[in-house]
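Residues take their numbers from the sequence shown, with the count starting at 1. For ligands, and for the atoms within them, numbers begin at 1 and follow the listed sequence.
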Amino acid sequence: MHDVIIIGGSYAGLAAAMQLGRARRSVLILDAGERRNRFAHHSHGFLGRDGAAAADIAAEGREQVLRYPTITWQEARVTETRATAGGFTVRTESGEHSAQRLILATGVVDELPDIPGLRERWGQSVFHCPYCHGYELDRGRLGILASGPLAAHHSMLVAEWGGVGQTTLFVNGVFEPTPEELAELAARKIQVERATVTAAQGDAPGISLQLSDGRVAVLDGLFAMPHTRLAAPFAEQLGCALEAGPMGAYYKTDFAKETTVPGVFACGDAAQPGAAVAIAVADGTMAGIGTHRSLVFPKVAVAG
Ligand code: FAD
Ligand code: MG
């Protein structure tokens, strides 16, 4: 019986483990090795590691965390989680593990539209967030591929990193901006393209979009901002409530990052709408501390 099992050993899960290891708690980290940013070479915006390889930040974090003797790591995919008398049991392909507390740091999966060539360019010339990737495309020709009505708002944000008059919103048949949005887009010199995108081509840096009427749009970068889904089915299995985020659902948590199921904590992209390494690390740190405090000060169960 471990004190804590952490499912997901990327930025958020490792940050939680760091706090628990420093408090000498026994922790088992189970990780399937599919970081959300594994498609990108470099990571930006994480103070102290700006521009470092995304894989290096994770690997160095893991190395530091595993120096604490009470922390163990297993490369494994958890398929099932369930509450038991003394805590929780999780199942992997190779067996079962139990702990008093569970931390879900399993991240989200980006659901890219089914356009040929798009997925291969994810993280190279197709991006999710201008704060992470806008600076490097500074003042270039930028595109926004609509995934829903929020794309008008996203375009106005992304245009901050584009050249004047060089940002295009590809509505791609997904929605039509309101007259007010069209006026606002025009005022910001953002073009609206209504021909659908049939393919993405070209080698990074840069990307070309093949349009349904035969034209080709040449861009320095495309922001797709896809819908997301939780990477693992533990909310259903454990009965955790979710919040409906702007791009997809995430675990509802309190200030200490405890979900609506006592003893189950959640952090990182799976537990808040932000999508950045710094936010995942901060969230994981909070979850680690919150989980530790719940072990020190267990809530007294009140019979109903
Ligand atoms: P993740 O890093 O996604 O890790 C979740 C972990 O949980 C994975 O290792 C996964 O395998 C594991 N897992 C899931 N299910 C299971 C299971 N059933 N059993 C075991 N393990 C499981 N942010 C920045 O700050 N700067 C950037 O430059 C940047 N670039 C990005 C580029 C791209 C293309 C993308 C998509 C995102 C980028 N991000 C960037 C955002 C960043 O990747 C995420 O915010 C961050 O990875 C979230 O960390 P996390 O620990 O919450 O989840
Ligand atoms: Mg994690």
- Any Gly45 heavy atom less than 4.0 Å from ligand 1: no
- Salt bridge between Arg82 and Glu80, side-chain N to carboxylate O under 4.0 Å? yes
- Message: Using heavy-atom distances only, which candidate in His128, Arg38, Arg49 approaches atom 35 (C) of ligand 1 most closely?
- Response: His128
- Task: Could you tell me whether ligand 1 has any atom less than 4.0 Å away from a heavy atom of Phe234?
- Result: yes
- Query: By number and element, which atoms of ligand 1 are closer than 4.0 Å to a non-hydrogen atom of Ala105?
  - Reply: 5 (C), 6 (C), 7 (O)
- Task: State the atoms of ligand 1, each with its element, that fall below the 4.0 Å cut-off from a heavy-atom position in Gly268.
- Result: 52 (O)
- Message: As a check for students: among Gly8, Ala76, Pro233, identify the option with a heavy atom nearest to atom 20 (C) of ligand 1.
- Response: Ala76
- Task: Below 4.0 angstrom from a heavy atom of Glu34, which ligand 1 atoms are there? Numbered from 1 as shown, please.
- Result: 8 (C), 9 (O), 10 (C), 11 (O)
- Task: Name the option, out of Thr228, Val108, Val277, that contains the heavy atom nearest to atom 25 (O) of ligand 1.
- Result: Val277
- Message: Please state which option from His42, Glu136, Gln74, His44 has its nearest heavy atom closest to atom 26 (N) of ligand 1.
- Response: His44
- Message: Considering His133, His41, Glu80 one by one, which has a heavy atom nearer to atom 31 (C) of ligand 1 than any of the others?
- Response: His133
- Task: Please confirm whether Gly13 comes within less than 3.5 Å of ligand 1 when only nitrogen or oxygen atoms on both sides are compared.
- Result: no
- Where does the angle between the aromatic ring planes of His133 and Phe127 fall among parallel (under 30°), tilted (30 to 60°) and perpendicular (over 60°)? parallel
- Item | Validation row: Leu28, Val90 side chains within 4.5 angstrom (heavy atoms) | no
- Using 4.0 Å as the upper bound for N to carboxylate O, is an ion pair formed by Glu258 and Lys299? yes
